[in-house]
Amino acid sequence: KIDKFEFDLKISDKKDTEINTEDLSAVEMNLLGVYILLWISKASNRIGAIIEGVNLNEELSKDTIQEIYNAFLKYQVIFFKDQNLTKNEYLSFATKIGKPIKYPFVKGLKNIPEITPILKKETDVNNFGGIWHSDTSYLNEPPKGTMLYAIEVPKIGGDTEFSNQYIAYESLSDEMKAFLDNKKALNISGKEETTKTRSDLRKHSSTEIKSDELQAIHPVVRIHPETKKKSLYINIAHTRNFIGMSIKESAPILKTLFKHQIKPEFTYRFKWEIGSIAIWDNRCTLHNPINDYHGERRLMHRITFKGDKPI
């Protein structure tokens, strides 16, 4: 029997529908004449979905790509399991989701620079990006999304948490929304707690860009360019202060917001396995890779997608 989830299905006559498969197996669905392109099940009630029934190394139809992209927008982060892609196949699939771009601080693979290897060695202490954040929000045009492919994972640990920033904004008081709606904030690449998380990886895979030289001003409340929904667009890793307010004046408000935006009821924790892939929307999520696997090796292949100027 299939777990009690609402699955997004596409039937043979091309009409989209929501079908409760609580009492039906996949075989029974096929006997009823339902052709399943993708199984898309909620990972939690707040954020995330798991997509099954697709091998990403195959030539995918436009309909299938559109279903995947729709799920990306709807659920904010999507997960695939048991994938087996070459580097070129991984990059090829990425181009169906967005335009891959290079990450500024870590070198990409020699022949495929759009793929950044994120490696924590057995002897490393700090894990890369090990703090709640939205990727590279210190850029004038931060990436719209990020894709991560698990190559090597520890036996236990190394999970990643994700947080829904639509709900983080929606659950604020009307007074706080009014205060933040027209605010902008400075985002920098060199906050001390963040620079520390890059230190071990940059020892063996660094670019020439200094850790503290990038910065950008963005709205505190961002309107998603595709869904048109508002989300909280700050993070403890990169946001320093409100424009027009000093660091000291900004600090207590930001501290409260940083704590608010990662409440457990906004989050989902994903357990990686070899062959797992996650794609998340940086415009409306935060994520946090957990550093709880000291002495073990973890290698992920990362691709980020070109974004636009937040409004």
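Atoms considered below: every heavy atom in the structure, side chains included; atoms not considered: hydrogens, waters and symmetry mates. Numbers for residues simply follow the sequence, beginning at 1. Since we're looking at a predicted model, the values are computed, not measured.
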Open item on the list: Rounded to the nearest 0.5 Å, what separates atom CG in Asn187 from atom CZ in Arg240?
Closed with: 10.5 Å
Open item on the list: Within a 6.0 Å radius of atom NZ on Lys99, are there more than 12 heavy atoms belonging to other residues, nucleotides or ligands?
Closed with: no
Task: side chain to side chain contact (heavy atoms under 4.5 Å, CB included) evaluation trace for Leu38 with Thr64 - done: CA-CA 8 Å; Leu38 299 173; Thr64 300; 4.0 Å; yes
TODO: State plainly whether one hydrophobic cluster holds both Phe93 and Tyr69, where clusters connect Ile, Leu, Val, Met, Phe, Trp and Tyr through side-chain heavy atoms under 4.5 angstrom apart.
DONE: yes
Open item on the list: Looking at Ser231 and Val221, would you say the former's side chain and the latter's main chain have a donor-acceptor pair under 3.5 Å?
Closed with: no
Task: Salt bridge flag under 4.0 Å for residues Glu141 and Lys306 - done: yes
Open item on the list: Testing the 3.5 Å rule here: is there a donor-acceptor pair between the side chains of His260 and Ser171?
Closed with: yes
Open item on the list: Under 3.5 Å, is there a donor on one side chain and an acceptor on the other for Asn55 and Glu58?
Closed with: yes
- [ ] For Phe242 and Val220, run side chain to side chain contact (heavy atoms under 4.5 Å, CB included): C-alpha distance rounded to whole Å, both residues' side-chain angles, the deciding distance at 0.1 Å, then the answer.
- [x] CA-CA 8 Å; Phe242 297 115; Val220 172; 3.8 Å; yes
TODO: Report whether Ile236 and Ile262 are members of the same hydrophobic cluster (ILVMFWY, side-chain heavy atoms less than 4.5 Å apart, transitive linking).
DONE: yes
Task: Least distance between heavy atoms, Gly157 atom then Asp292 atom - done: CA-OD1, 3.3 Å
Open item on the list: Between Thr304 and Asp135, do the side chains contain a donor N or O and an acceptor N or O under 3.5 Å apart?
Closed with: no
TODO: Taking the side chain as every heavy atom from C-beta outward, state whether Leu214 and Leu139 have any atom pair closer than 4.5 Å.
DONE: yes
TODO: Measure the shortest side-chain to side-chain distance between Phe80 and Leu56 over non-hydrogen atoms and say whether it is less than 4.5 angstrom.
DONE: yes
Open item on the list: Taking the side chain as everything from C-beta on, heavy atoms only, tell me whether Phe72 gets closer than 4.5 Å to Ile68.
Closed with: no
TODO: Please name the pair of heavy atoms, one in Cys284 and one in His224, separated by the smallest distance, quoted to 0.1 Å.
DONE: SG-CD2, 4.0 Å
Open item on the list: Is the shortest side-chain heavy-atom distance between Val77 and Asp281 below 4.5 Å?
Closed with: no
Open item on the list: Between Ser250 and Ile247 (side chain of the first, backbone of the second, donor and acceptor by atom type, cut-off under 3.5 Å), is there such a pair?
Closed with: no
TODO: State, with a plain yes or no, whether a side-chain heavy atom of Lys96 is found less than 4.5 Å away from one of Leu60.
DONE: no
Task: same_hphob_cluster(Leu232, Ile223) at 4.5 Å side-chain heavy-atom cutoff - done: no
TODO: Identify whether NZ of Lys or CZ of Arg in Lys120 sits under 6.0 Å from the centre of the six-membered ring of Tyr293 and within 45° of that ring's axis.
DONE: yes
TODO: Look at the side-chain heavy atoms of Ile, Leu, Val, Met, Phe, Trp and Tyr, link any pair under 4.5 Å apart, and say whether Val54 and Ile279 land in one connected group.
DONE: yes
Task: From CG (Asn140) to OG1 (Thr136), nearest 0.5 Å - done: 11.0 Å
TODO: May I ask you to say whether Asp308 pairs ionically with Arg222, meaning some side-chain N is under 4.0 Å from a carboxylate O?
DONE: yes
Open item on the list: Treating Glu226 as the side-chain partner and Leu73 as the backbone partner, does any N or O pair qualify as donor plus acceptor under 3.5 Å?
Closed with: no
TODO: Using modelled atom types only, decide if a donor and an acceptor are shared between the side chain of Asn291 and the backbone of Asn126 within a distance under 3.5 Å.
DONE: no
TODO: State the CD1-OH distance between Ile118 and Tyr149, to the nearest 0.5 angstrom.
DONE: 16.0 Å
Task: Candidate pair Ile277 and Leu85, rule side chain to side chain contact (heavy atoms under 4.5 Å, CB included), full reasoning - done: CA-CA 10 Å; Ile277 290 178; Leu85 287 78; 4.2 Å; yes
Open item on the list: So does Met245 get a backbone contact from the side chain of Asn241, meaning a donor-acceptor N/O pair under 3.5 Å?
Closed with: yes
TODO: Verify the distance criterion only: is there a donor paired with an acceptor across the side chains of His238 and His133 at less than 3.5 Å?
DONE: no
Open item on the list: Quick one, Ile290 and Glu161 - any side-chain contact, counting heavy atoms below 4.5 Å?
Closed with: yes
Open item on the list: Give me the atom names and distance for the closest heavy-atom approach of Leu257 to Ile234.
Closed with: CB-CD1, 3.6 Å
Open item on the list: Nearest 0.5 angstrom please: Leu180 CG to Tyr233 OH, how far?
Closed with: 15.5 Å
TODO: Keeping the roles fixed (side chain from His218, backbone from Ser137), state whether a donor-acceptor pair exists under 3.5 Å.
DONE: yes
Open item on the list: With heavy-atom distances below 4.5 Å as the criterion, would you say the side chains of Ile243 and Ile217 are in contact?
Closed with: yes
Task: Check: Ser163/Gln165 side-chain N/O donor and acceptor closer than 3.5 Å - done: yes
Task: Side-chain (Gln66) to main-chain (Asp63) donor-acceptor, under 3.5 angstrom - done: no
TODO: Would you name the heavy atoms of Lys81 and Phe270 that are closest together and state the gap between them?
DONE: CE-CE1, 4.1 Å
Open item on the list: Please report the interatomic distance NZ(Lys271) to CG(Asp159), rounded to the nearest 0.5 Å.
Closed with: 5.5 Å
Task: Aromatic Tyr169 / basic Lys230 pairing, under 6.0 angstrom, 45° off normal - done: no
Open item on the list: Any donor-acceptor pair under 3.5 Å linking the side-chain atoms of Thr146 with those of Asn282?
Closed with: yes
Task: Side-chain heavy atoms of Trp280 within contact of Ile78, under 4.5 Å - done: no
Task: Cation-pi, Phe162 ring and Arg269 (6.0 angstrom, 45 degrees) - done: no
Open item on the list: Distance alone, cut at 3.5 Å: any donor-acceptor contact between the side chains of Tyr166 and Thr227?
Closed with: yes
Open item on the list: Would the distance check show the side chain of Lys191 and the main-chain N or O of Thr239 forming a donor-acceptor pair, the cut-off being under 3.5 Å?
Closed with: yes
Open item on the list: Given the ring of Phe179, does Lys177 sit roughly above its face, with NZ or CZ under 6.0 Å from the centre of the six-membered ring and within 45° of the axis?
Closed with: no
Open item on the list: Tell me whether Gln83 contacts the main-chain N or O of Tyr90 through its side chain, where contact means a donor paired with an acceptor under 3.5 Å.
Closed with: no
- [ ] Start with the C-alpha distance between Ile115 and Arg302, add both sets of side-chain angles, then the distance that settles side chain to side chain contact (heavy atoms under 4.5 Å, CB included), and finish with yes or no.
- [x] CA-CA 6 Å; Ile115 298 177; Arg302 165 176 155 158; over 6 Å; no
Task: Value rounded to 0.5 Å, distance of CD in Gln261 from CG in Asn235 - done: 6.5 Å
Open item on the list: Please find the pair of heavy atoms, one from Trp272 and one from Gly158, that lie closest to each other, and give the distance.
Closed with: CD1-O, 3.2 Å
Task: Pair Glu152 + Arg297: basic N to acidic O under 4.0 Å - done: yes
Task: Shortest non-hydrogen separation from Phe79 to Ala43 and the atoms involved - done: CE1-CB, 4.3 Å
Task: Verify same cluster id: Met176, Phe266 (apolar side-chain graph, 4.5 Å) - done: no
TODO: Return yes if a side-chain donor-acceptor contact under 3.5 Å exists between Tyr268 and Gln76, otherwise no.
DONE: no
